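Chain identifiers are assigned alphabetically (A, B, ...) following the order of the sequence lines, protein sequences preceding nucleic acid strands; residue numbering begins at 1 within each chain. Predicted, not measured: the structure shown is a model, and the values here were computed from it. Values below: every heavy atom of this structure, side chains too, minus hydrogens, waters and symmetry copies.
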Amino acid sequence: MVDIIAKTPCEGLLPLTIGTTTVTEVPPSMMTSVAPYKGCEKALSTVLKSTHGIAAPAPGRATGKEGARAIWFGQRMILLMGPVPDAALAQHAALTDQSDAWAVVRLDGAGAAEVLARLTPIDLRDGAFKRGHTARTELQHMMASITRLGSNSYQIMVFRSMAETLVHDLKTAMQSVAARNG
Amino acid sequence: MRIICPNCGERDRREFYYVGDAVALERPAEDADLAAWDDYIHNRENPAGVTQDLWYHEMGCSAWLVVKRNTVTHEVLSAELAADVKGAGA
Ligand SMILES: [Zn+2]
């Protein structure tokens, strides 16, 4: 019989510190995409609040906190990170398990925004992309979800199959920023 | 070129995929004649001026947009969710 070994998407690749920034893998957790049925957005928001204590995020926003977070994830879609979704949600939305589908990392440290700015076209300035803001955007050539968790802290997600490319691209950008500032 | 996505705000052109003339939203009735289907599938205007295209926010929110732009000045005049234009939802 084959021995199957569970590995996280970035196993053996992280953590990584270069200059003032560090990338770490976010420990795997339950991830569920929640896509409200037509006309069910309000009801879904109410149930999300009563079951998980999280308000449904508006486009471009993330709600909740570490351990139970809801991230706006695109047109008519929310990603619930952390809790096992309450069955009541299924009455108002299509739920799909995404737990193994995404590589999730955190970029922390002074200069984190400078590193990201080398990889994504979105406006990362403080006035435009604040704590609690999130974006679906491009990171190099990958479809990504980027959420600002703090002043120098971002969560970055790409498809799991692209984990190694993500780490490579972050590493290159971190080296470039460190060289500039060094 | 930048497109203001109704979901995501102002975004760089590289996040979007061009999907052709917005005529694709005006599917002829089932019993329409061959000329109507010929126009729908094959015949496209090539205006010097304002045109309406479908764009897909592929590297963003995955919404289909109807974008009005000027082919002469490259000005982007408006962008709406195709679901709203079509009244279909999703
Ligand atoms: Zn968008």
**Report entry** Shared hydrophobic cluster for F16(B) and V76(B) (ILVMFWY, side-chain gaps under 4.5 Å)
**Finding:** yes

Requested in this report: Verify the cluster assignment for Y37(A) and L48(A): are they in a single hydrophobic cluster under the rule of side-chain heavy atoms below 4.5 Å apart?
Outcome: no

Requested in this report: Please say whether more than 12 non-hydrogen atoms of neighbouring residues, nucleotides or ligands are located less than 6.0 Å from CD in E66(A).
Outcome: no

Query - Closest contact, heavy atoms only, E15(B) versus E138(A) - result: OE2-N, 3.9 Å

Query raised in the report: Which value, rounded to the nearest 0.5 Å, describes the distance between Q75(A) atom CD and C8(B) atom SG?
Result: 9.0 Å

Requested in this report: Might you confirm whether atom CD of E164(A) has over 12 heavy atoms from other residues, nucleotides or ligands at distances under 6.0 Å?
Outcome: no

**Report entry** Common cluster, V19(B)/V66(B), ILVMFWY with side-chain heavy-atom separation under 4.5 Å
**Finding:** yes

**Report entry** A135(A) versus R11(B), closest heavy-atom pair with distance
**Finding:** CB-NH2, 3.4 Å

Report task. For each of P121(A), G60(A), G39(A), tally heavy-atom pairs with chain B at distances under 4.5 Å, and name the one with the top tally. Result -> P121(A)

Query - Nearest-0.5 Å distance, CG of residue D12(B) to OG1 of residue T137(A) - result: 8.5 Å

Query raised in the report: Does one hydrophobic cluster hold both V158(A) and W72(A), with members joined at side-chain heavy-atom distances below 4.5 Å?
Result: no

Query raised in the report: Is it the backbone or the side chain of M77(A) that comes under 4.5 Å from a heavy atom of chain B, or both, or neither?
Result: neither

Query raised in the report: Among residues 24-60 of chain B, which residues come closer than 4.5 Å to chain A, judged by heavy atom distances?
Result: E58(B), M59(B), G60(B)

Query raised in the report: Do other residues, nucleotides or ligands put more than 12 heavy atoms under 6.0 Å from the CZ atom of R118(A)?
Result: yes

Query raised in the report: Honestly curious: do L166(A) and L16(A) fall in one hydrophobic cluster under the side-chain, below-4.5 Å linking rule?
Result: yes

Query raised in the report: Roughly how far, to the nearest 0.5 Å, is the CZ atom of F73(A) from the OG atom of S62(B)?
Result: 9.5 Å

Report summary line: If one checks every heavy atom of N7(B) against chain A at 4.5 Å, the contacting part turns out to be both

